[in-house]
Amino acid sequence: MLDLRPVGYVIGLLVAILGGTMVFPLLLDLYDGKGEWPVFLESALFCLLVGGILALTCANGVGRGLSIRQTFLLTTSVWVVLPLFGALPLMLGATELSFTDAFFEAMSGLTTTGSTVISGLDDLPRGLLLWRGILQWLGGIGIIVVAMVFLPELRVGGMQIFKSEAFDTMGKILPRAQEIAKQISVIYLVLTMVCALVYTVLGMGPFDALVHAMTTMSTGGFSNYDASFGTFSGPAEYAASLFMIASALPYVRYVQLVNGQMTPLLHDSQIRAFLWTIFVLVGVTAGVLITVFPHHPEQAVREALFNIVSIMSGTGFASVDYMGWGPFLIMIFFFVGLIGGCAGSTACSVKIFRYQLLFASIRVQVQRIRSPNGVFVPRYQGRPVTPDVLSSVISFFMFFVITLGIVAWALALTGLDFITAISGAATAVANIGPGLGDIIGPAGNFAPLNDTAKWILAIAMLIGRLELMAVYAILTVRFWRS
């Protein structure tokens with residue numbers, strides 16, 4: 001019999017913590033006098049009450065730690081339950097969203113996807129804008145902990161290759177998660193404060209700087225304006241690009257750096273691959289903008305850098321409507337979103353290290369064909385890669401493509417055109433933010449979609465954020481029987 005008490009205990013604590021964070025938009029709204037503070041008060045009390053009762057009820061089952069099955073269930077359940085409670089202020093507040101829209105927005109926030117159904121952001125009360133930023137900021141911390149503690153333990157998509165390098169958690173997942181979360185939270189908070197300070201120096205107002213710093217460091221992409229980051233075109237784009245790159249790097253390297261170990265950061269092969277990929281893509285994009293479109297070289301480099309980094313890291317900010325850049329660059333943006341950042345970061349999508357492992361495996365297969373009697377072993381950062389890691393990575397790629405196809409097909413059945421369906425599926429499964437086309441492209445949002453399509457996309461965001469296998473595992477009959 002699966003003991004659900006440890007799972008319920010953690011979920012209860014997280015719901016209560018989520019309720020506690022509602023005090024910040026509450027106080028801001030009291031200061032602004034917009035009349036939204038009762039919404040946050042009611043939502044906070046409800047979260048604290050439900051979360052507290054659940055945690056207290058399940059507290060007697062915590063001492064034994066988490067089994068693998070409990071870890072799978074917890075990892076998925078958290079990202080289902082928290083959006084339900086995070087949606088409360090969006091339903092009750094000035095946005096007055098329907099349950100479907102509010103859940104979509106909260107799921108998009110906590111998974112740091114960045115897709116939105118809200119129009120007229122410029123005129124919303126600051127309390128609600130802050131709440132959207134807080135959702136993404138908390139989601140950013142959460143996914144780092146999941147990527148560093150849970151996914152390596154669960155052997156999801158080849159993440160076990162980082163298990164010995166990050167932290168050994170077998171048999172002590174909860175205590176280790178708390179320890180790692182403390183270190184990450186401090187680093188994450190400091191980087192967010194530095195980002196907000198830089199934004200302020202570059203001309204943003206203090207509130208805009210704070211919210212955009214939270215959504216930058218979480219690689220979430222929620223903005224306070226319908227024009228997204230286009231409102232702040234100029235030097236702020238360079239700063240945002242730098243911080244998006246910083247948050248797409250492995251946070252374990254920052255932990256090691258703080259503890260006096262700089263070598264791992266400098267010698268990490270996925271960091272080098274990530275930065276080189278950005279360099280090449282920005283060069284190609286800027287070159288096309290200069291030669292095909294009437295762009296000044298500095299403007300071309302700035303817009304190419306910002307938007308390539310934004311999509312590749314999964315942040316989803318947009319400084320321009322790149323749908324007008326022609327089919328060649330539009331296709332680049334589509335495939336860039338399927339690359340992703342580094343493992344153990346807030347970035348999303350497939351991740352650089354999986355492509356490295358896939359190419360290493362292909363290279364070995366080619367070598368074996370050329371030299372049948374030779375002994376060739378795929379390597380990652382100089383270490384041999386075991387067959388179970390390669391099998392996990394190949395399975396991930398296969399499930400990613402299958403999931404992408406099923407989601408796109410399901411969206412097409414709701415009446416969406418091909419471009420909207422395929423790009424919507426990609427942006428949800430890869431947690432990118434904007435899609436392509438006139439409806440969900442960088443100049444649009446997801447409000448025009450029907451409720452069925454929004455639920456499909458919300459589920460796809462969850463599956464993609466938890467790297468597919470963590471969700472699929474609990475949907476099998478064997479999971480519940482074993």
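Sequential numbering from 1 along the given sequence is applied to the chain's residues.
- Between Tyr254 and Tyr251, the distance separating the two ring centers is shorter than 6.0 angstrom.
- The two residues Ala236 and Tyr199 make their nearest non-hydrogen contact at O-CE2, 4.1 Å.
- Rounding to the nearest 0.5 angstrom, the gap separating the CZ atom in Phe229 from the OG1 atom in Thr315 is 10.0 Å.
- Side-chain N or O atoms of Asn259 include one that pairs as donor or acceptor with a backbone N or O of Val255 at under 3.5 Å.
- Here the two rings, on Tyr225 and Phe232, have centers that are under 6.0 Å apart.
- Between the Arg302 side chain and the Tyr238 main chain, no donor and acceptor come within less than 3.5 Å of each other.
- Under the 6.0 Å distance and 45° angle rule, Arg132 counts as a cation-pi partner of Phe222.
- Side-chain atoms of Tyr188 come within 3.5 Å of backbone atoms of Trp137 as a donor-acceptor pair (strictly under, hydrogens ignored).
- Considering Thr219, Val309, Val198 as possible partners of Phe243, the one that fulfils the side-chain contact (heavy atoms from CB on, under 4.5 Å) test is Val198.
- For Phe103, the ring pair (Phe, Tyr, Trp, His ring centres under 6.0 Å) criterion is met by Trp455, not counting sequence neighbours.
- Aromatic ring pairs are classed by plane angle as parallel below 30°, tilted from 30° to 60° and perpendicular above 60°; the pair Trp325 and Phe333 is tilted.
- Contact annotation: the side chain of Phe400 approaches that of Val429 to within less than 4.5 Å [non-hydrogen atoms, C-beta and beyond].
- A donor-acceptor pair under 3.5 Å is absent between the side-chain atoms of Thr427 and the main chain of Ser423, judged by distance alone.
- Neither side chain, Gln136 nor Thr112, offers a donor N or O lying under 3.5 Å from an acceptor on the other.
- In this structure, Tyr355 has its ring center under 6.0 Å from that of Phe397.
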Item to complete: Output, in order, the C-alpha distance, side-chain angles, deciding distance and verdict of salt bridge (charged side-chain N to carboxylate O under 4.0 Å, His left out) for Glu467 and Arg354.
Response: CA-CA 12 Å; Glu467 315 245 335; Arg354 290 194 178 99; 2.4 Å; yes
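- The CG atom of Leu210 lies 11.5 Å from the CG atom of Leu129; values are rounded to the nearest 0.5 Å.
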Discussion item. Could you go through Phe317 and Thr216, starting from their C-alpha distance and side-chain angles, then the distance that decides it, and tell me whether this counts as side chain to side chain contact (heavy atoms under 4.5 Å, CB included)?
Written reply: CA-CA 9 Å; Phe317 284 137; Thr216 299; 3.3 Å; yes
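- Separating the CG atom in Leu197 from the CG atom in Leu202 is a distance of 9.5 Å, to the nearest 0.5 Å.
- A donor-acceptor pair under 3.5 Å links the side-chain atoms of Ser228 to the main chain of Ala318, judged by distance alone.
- A distance-only check finds no donor-acceptor pair linking the side chain of Asn431 to the backbone of Cys348 [under 3.5 Å].
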Worksheet entry | Check against side chain to side chain contact (heavy atoms under 4.5 Å, CB included), Ser319 and Asn307 | CA-CA 7 Å; Ser319 63; Asn307 290 284; 2.9 Å; yes
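- Between the CE atom in Met323 and the CG atom in Asp438 there is a gap of 6.5 Å [rounded to 0.5 Å].
- Atom CD1 of Ile134 is separated from atom CE of Met214 by 5.5 Å, given to the nearest 0.5 angstrom.
- Within a 6.0 Å sphere centred on OH of Tyr472, heavy atoms belonging to other residues, nucleotides or ligands number more than 12.
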Discussion item. Run the side chain to side chain contact (heavy atoms under 4.5 Å, CB included) test on Glu237 and Leu305 for me, step by step, so that the C-alpha distance in whole Å, both residues' side-chain angles and the decisive distance to 0.1 Å come before the verdict.
Written reply: CA-CA 8 Å; Glu237 290 177 86; Leu305 173 66; over 6 Å; no
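- Judged purely by atom type and a 3.5 angstrom limit, Ser313 has no side-chain atom pairing as donor or acceptor with the backbone of Ala248.
- In this structure, Val393 and Leu357 approach most closely via the heavy-atom pair CG2-CD1, 3.6 Å.
- Side chains of Ser115 and Thr113: a donor-acceptor N/O pair is absent below 3.5 angstrom, by distance only.
- Under the ring pair (Phe, Tyr, Trp, His ring centres under 6.0 Å) criterion, Phe274 pairs with no residue at all, not counting sequence neighbours.
- Atom OG in Ser310 sits 7.0 Å away from atom OH in Tyr322 (nearest 0.5 Å).
- More than 12 heavy atoms of other residues, nucleotides or ligands sit less than 6.0 Å from atom CZ of Phe293.
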Discussion item. Would Met244 and Phe306 count as a side chain to side chain contact (heavy atoms under 4.5 Å, CB included) here? Give the steps.
Written reply: CA-CA 9 Å; Met244 285 188 285; Phe306 179 87; 3.8 Å; yes
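- Annotation for Ala426 and Leu338: closest pair CB-CD2, 4.3 Å, computed over non-hydrogen atoms.
- Of the possible donor and acceptor atoms, none in the side chain of Gln256 sits under 3.5 Å from a partner among the backbone N and O of Leu265.
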